[in-house]
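The analysis underlying the following values was restricted to heavy atoms, covering all of them including side chains, and did not include hydrogens, waters or symmetry mates. Below, chains carry the letters A, B, ... as their sequence lines are ordered, and counting in each starts from 1. The model shown is predicted, which means the values in this text are computed figures rather than measured ones.
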Amino acid sequence: MLADSLILLEHSPVYTNGRRNHGALSADEIARLQKLGCDYVETNRGGEITFHGPGQLVAYPNMYLKDHFLGTKCYVKGLEHTIVESCARLGIDADIVDGFPGVWVSQTQKVAALGTHVQKYVTSHGFALNCTTDMKWFSEIVPCGLQGKSATSLARILAKQGRADVDASTNAVLPTVIDSFKAVFGCDVLPLEMVSPETYDTIKQLVQ
Amino acid sequence: MALRILSKSFFAQRLLATQKTSVGFRFYATKKYTSSHEWIEINKDIATIGITNYAQNALGDVVYVEVPEVGARVEFDETVGVVESVKSTSDIYTPLTGEITAANKSVVANTKLINKSPEADGWLFKVKFENQEEVDALLDEADYKKLTEEDD
């Protein structure tokens, strides 16, 4: 029986775009982004263009929503609340803004982006939390197509709070995100190597 | 003056007659449902398909829609479209095999129609279906209502 899974990882630098923007970027614009040392990939998820790369914790929950009695709207709220809860546990005040999916630390600054795909109640894609991400990558695009808004990171927020000594790396934040996910979705999260050692080994080989 | 009043009432009678006809026409169309929250209105061999009010409520505000190409031949359960809400794309499947005879361009231009009028103006596409067995396997209104009550 296939269990729900939650994959947490960091990507090599890549700009990804959502379903509604397929073909939206010109060849010149794509070449410009690639010259920066990035990939450009069009996906089937919702949302618009965003960046993934080192220092950013990306979460891919692969869940059968029917088992959790969730519709799309509630599922997305669950992801947002997971991030809000993670931030709270780090002493950061973050919130959800109606009409603007993602997690915000001010009217204009987003600390996490999200975009998902649901096929027959099965979710893919997920969210991306900026931990120590280099913000320069975001200045090359209009993140999520939102003019006048910008991306920020946990490290930047902590520095502003005078808490630059707090470890905001993806590895340090990961356990907090898992605990918050468990709390919000009311489920247990077990390490893959415990549940299926073979699958774990396969993934480890692929990642290397 | 008398002539104008006469033509007004004549027009009103014509309008009433048209309305009566269209109400009568719709009365004979059959409405069915799927467990993935699509509605299907069958009229002879053409099925009009959209998502239910239950589905649009679960999705949230729809911001992007893709509908199938007119003339395309589609198989049962094939992905034929997409709706996006809250930065989530949800695939739309055809419950019937056949040829796409119409696709609602208005809904692509004005995605709010799906939230405002999911089971009327927010229709997505029409299929000239081939397989009566597929139609017979669809849920009737009572079964669909039971399903949505269980889900809640």
Does atom [atom1] ([X]) have a neighbourhood of more than 12 heavy atoms from anything else shown, all under 6.0 Å?
X	atom1	value
A:Gln161	CD	yes
A:Asp188	CG	yes
A:Gln107	CD	no
B:Lys128	NZ	no
B:Asp61	CG	no
B:Asn131	CG	yes

- [ ] Identify which of A:Pro101, A:Cys74, A:Gly99 forms the greatest number of heavy-atom pairs closer than 4.5 Å to chain B.
- [x] A:Pro101
Task: Nearest heavy atoms of A:Lys73 and B:Gly60, plus distance in Å - done: CD-CA, 3.5 Å
Open item on the list: Give me the atom names and distance for the closest heavy-atom approach of A:Leu114 to B:Val86.
Closed with: CD1-O, 4.1 Å
Open item on the list: Quick check for you: to the nearest 0.5 Å, what is the distance between A:Leu65 atom CG and B:Ser90 atom OG?
Closed with: 9.0 Å
- [ ] First locate atom OG1 of A:Thr50, then atom NZ of B:Lys87, and finally report the distance between them rounded to the nearest 0.5 Å.
- [x] 8.0 Å
TODO: Can you spot which of A:Arg20, A:Gln119, A:His125, A:His117 makes a side-chain contact (heavy atoms from CB on, under 4.5 Å) with B:Thr89?
DONE: A:His117
Open item on the list: For A:Lys120, which atoms come within 4.5 Å of any heavy atom of chain B: side chain, backbone, both, or neither?
Closed with: both
Open item on the list: Is B:Val82 close to chain A through its backbone or its side chain, or both, or neither, when contacts mean heavy atoms under 4.5 Å?
Closed with: side chain
